Number of protein chains: 2
Amino acid sequence: MSRASEQAYSAIRAFLLSGEAKAGEQLTEDQLTQITGVSRTPVREAVRRLEDELLLVRSDTKRMFVADWSRDDIEEMFALRQMLECHAAERAARRLSGAQMDKLEAVNLALKAAIEQPVPDVARFLEANRAFHEVIIDAAQSPRLAQMLAKLVEAPVVLRTARTYSPEDLRQSARDHDELVAAFAARDADWARAVMGSHLRRAFHTFVKTVGAANTADSIGEP
Amino acid sequence: MSRASEQAYSAIRAFLLSGEAKAGEQLTEDQLTQITGVSRTPVREAVRRLEDELLLVRSDTKRMFVADWSRDDIEEMFALRQMLECHAAERAARRLSGAQMDKLEAVNLALKAAIEQPVPDVARFLEANRAFHEVIIDAAQSPRLAQMLAKLVEAPVVLRTARTYSPEDLRQSARDHDELVAAFAARDADWARAVMGSHLRRAFHTFVKTVGAANTADSIGEP
DNA sequence: GTAGTGACTATTGTATACAAATAACTCCCG
DNA sequence: CGGGAGTTATTTGTATACAATAGTCACTAC
């Protein structure tokens, strides 16, 4: 995507993630023009993308609102992500190239380095985590799967601001990644799938424990 | 979507499905304004949708081409559809309302009526089939799942022009639908999943047999 | 002949003016 | 007061002009 359009996308996205925009609030294209500094044309393109990612929703009459995710929405997204990423792990275990295996191990080292310190570097951890899963999705060689997962993985980032990661969460996550590396090294598709499944399922429970607890039962968007 | 935009979408889609547009051929926005009769703005919106549906692809330098699907692409789409729709069937079996069950049975009757004649009415069969799967996806109550499936189910329609449906294919499909109805009536999620799995897996093999045979190994888009 | 350079063409990207649709408001009538 | 028709304001949709970028082609120097 081109400059203004990309600019609009990331500016609006940042705006939504910042919490400045309240869930359910109406937005207009003119407002977004102000925020993004570009004209309505690229704003509209960005809005379409964000609609597709379900960060924005439209009423029957084309009005635009900040999405308000329910508990069910969150559960749905985690369930789908688990299903798709287990599939990805299985495929990846069968198709992983040597270079990809090396890359995976390197990323895993970076991931461990980020938390094996007095004060864990959560930002670096998250980035390494993202890269780790990206290698797997690449190796799965399924562009449509990658596209679907991208939406699901990106989306909960919206809620991530509220999250706190306990050292134990991070260590457990690192153990999972170690086991995934072992499964991939062994090219054992079933093993990889199984580990990925428990990894993501635990992530779901950690998520509802840390975020869900701080929110109402129906709406997670707003504290 | 509004009038011109929707018009552009369906006109371009029809153009792509008609076979007039050759796989891999470059298209320009100007061409598409001719074809659709609307200006570039709604054309561009339609193009974005079609890109998302992978009917159009763009080069690194923003040029637009008619998608050319490989054998691997087809396999990927069927595999993903099977995974997602099995999940949908399982969920649907647990959540199906009485009204939805009634609707499913009604659609199934229509489906059988379409083929239980001297000359099977394939168009009516396909429509009933679509409606049948739609009821299931609705009942699964997973909007993101529905969105993903919509893309996968719609896409192969592009290739459907070439297909011929043997009476035996249609009868076997009808038997599957009968069994799905039974599984849903029993609210048996495992049964529903299993039947859906074999149903779609067979559909894949029928597909490659009837279409794939008439095409090269690499590219299914062109005869 | 071929690689490189520059002008020219084609194509996509952005801004903006205008049209259509929808929501909000006012004012009148009961 | 309350409800509804007509009017105004707001918002989204479309067309189009212009800008920026990518591709093409011819020409020249080597």
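Keep in mind that this is a model prediction, so the values were computed, not measured. When reading the values below, keep in mind they use all heavy atoms of this one structure, side chains included, and skip hydrogens, waters and symmetry mates. Reminder, nothing fancy here: chain letters follow the sequence lines and each chain counts from 1.
The phosphate of D:dT12 has neither OP1 nor OP2 within less than 4.0 Å of any side-chain N or O from A:Thr61. The side chain of A:Ser2 contributes no N or O atom lying less than 4.0 Å from OP1 or OP2 of D:dT21. The side chain of B:Thr28 contributes no N or O atom lying less than 4.0 Å from OP1 or OP2 of C:dA10.
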Under 4.0 Å protein heavy-atom contact, by nucleotide of nucleotides 15-20 of chain D - B base, S sugar-phosphate only: BB----
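Protein atom CD of B:Glu51 is 11 Å distant from nucleotide atom P of C:dT12, rounded to whole Å. For the pair A:Lys62 NZ and C:dT22 C1', the computed distance is 12 Å after rounding to whole Å. In this structure, the CZ atom of A:Arg44 is 15 Å from the C1' atom of C:dG13, given to the nearest Å. Distance CD (B:Glu29) to P (D:dA22): 15 Å, rounded to an integer number of Å. Nucleotide C:dT12 holds its P atom 14 Å from the CG atom of B:Asp60, rounded to whole Å. Separating the CZ atom of A:Arg63 from the C1' atom of D:dT11 is a distance of 5 Å, rounded to the nearest angstrom. In this entry the distance linking CD of B:Gln31 with P of C:dT12 reads 9 Å, nearest Å. Residue A:Gln26 contributes atom CD, which lies 11 Å from atom C1' of C:dT22 at whole-angstrom precision.
The 5' end of DNA chain C is approached more closely, in terms of each residue's nearest nucleotide, by A:Glu6 than by the other of A:Ser59 and A:Glu6.
A 6.0 Å sphere centred on CZ of A:Arg3 holds no more than 12 heavy atoms belonging to other residues, nucleotides or ligands. The 12-atom threshold is not exceeded at CD of B:Glu20, counting heavy atoms of other residues, nucleotides or ligands nearer than 6.0 Å.
Within the 4.5 Å cutoff, the side chain of A:Leu180 has no heavy atoms near those of the A:Leu104 side chain. Between B:His177 and B:Phe132 the shortest side-chain heavy-atom distance falls below 4.5 Å.
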Quick one: do B:Glu90 and B:Arg94 satisfy salt bridge (Lys or Arg N to Asp or Glu O under 4.0 Å)? Show the steps, please. CA-CA 7 Å; B:Glu90 189 174 331; B:Arg94 296 206 165 85; 3.4 Å; yes
Would you please test A:Ser70 and A:Asp73 for side-chain hydrogen bond (donor to acceptor under 3.5 Å, both in side chains) and show each step? CA-CA 5 Å; A:Ser70 69; A:Asp73 287 325; 3.2 Å; yes
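Counting any heavy atom pair closer than 4.0 Å across all strands shown, B:Leu27 reaches sugar-phosphate atoms only and no base atom.
In this structure, the side chain of A:Arg187 engages the main chain of A:Leu96 through a donor-acceptor pair within 3.5 Å.
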